[in-house]
Structures are given as structure tokens and as C-alpha cells.
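Predicted model, so just to flag it, every value in this text is computed and none were measured. For this chain, numbers begin at 1 and follow the sequence in order.
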Amino acid sequence: MTAQPVSAGDPEDPAAILGLLPERWHEEFLAEYRQALEAAREVCRWPFLAELLHRWHLRAIAYSDPEFSTAVREARDARPEDLIPVPGWPARQ
């Protein structure tokens, strides 16, 4: 028998997302997932399910970061003079 690498699995698997996602977000994720899953019965809507899982995987990474709430609060409370303009974007007044 040879050693096989341990597979990390698919990070966009719904169970993997739930495992990473803080519990307070489970209900919202499951509602959106079930809705997308039902819509995916139509073949033309299948890509939307994959997109939803991808977005929720990224959210789960962010939401599970202990410093996420602090970063959100700081971004929300930022003053215009604290922000760095994006090159090429018009300045909003």
C-alpha cells in the first residue's frame, strides 16, 4: 500500500461552508442555498448555484476571521479624508 495525500475536499461544498461559517449566518446561507438549489433544476440556472457557493465560501472566510467585525466597523465609520482614492475612478463628493 502506498501513501496517498489527504484531500482537503471542496471548499465550496455546502457542508464545508457551514463548517467554516459562524452559526449566526447558517440560516441565511441555508435559505439562499435551498432557493438556488431549487432554481438549479432548470439547467440554464445551474451556474448560479456554483456562483452562490463561491460567494458564500468567500463570506465564510471573512466572517470567521475574528477581526472581521472590527474591520467592518472601521470601514463604516471612516471619514472621507481617511480614504485613499482608487486611481482612475472619479472622486465622489
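Judged as a salt bridge (Lys or Arg N to Asp or Glu O under 4.0 Å), and not counting sequence neighbours, the contacts of E38 are R41. For R76, there are no salt bridge (Lys or Arg N to Asp or Glu O under 4.0 Å) partners two or more places apart in sequence or in a different chain. When the salt bridge (Lys or Arg N to Asp or Glu O under 4.0 Å) test is applied to E81, the partners found at least two apart in sequence or on another chain are R79. Evaluation of the side chain to side chain contact (heavy atoms under 4.5 Å, CB included) rule for S69 yields no partner, not counting sequence neighbours.
Considering every non-hydrogen atom in both A16 and P11, the closest pair reads CB-O, 3.9 Å.
Summarising the local packing, CD of E32 is surrounded by more than 12 heavy atoms from other residues, nucleotides or ligands at distances under 6.0 Å.
Note on residues 43-55: no pairs pass salt bridge (Lys or Arg N to Asp or Glu O under 4.0 Å), not counting sequence neighbours. Within the structure, salt bridge (Lys or Arg N to Asp or Glu O under 4.0 Å) contacts touching residues 11-23 (residues at least two apart or in different chains) do not occur.
Atom CD of E74 sits about 9.0 Å away from atom CD of E67, to the nearest 0.5 Å.
Side-chain contacts under 4.5 Å among hydrophobic residues (ILVMFWY), followed directly or transitively, place F48 with no other residue at all. Using a 4.5 Å cut-off between side-chain heavy atoms of Ile, Leu, Val, Met, Phe, Trp and Tyr, L37 falls into a hydrophobic cluster with I17, L18, L21, W25, F29, L30, Y33, W46, L49, L52, L53, W56, Y63, F68, V72.
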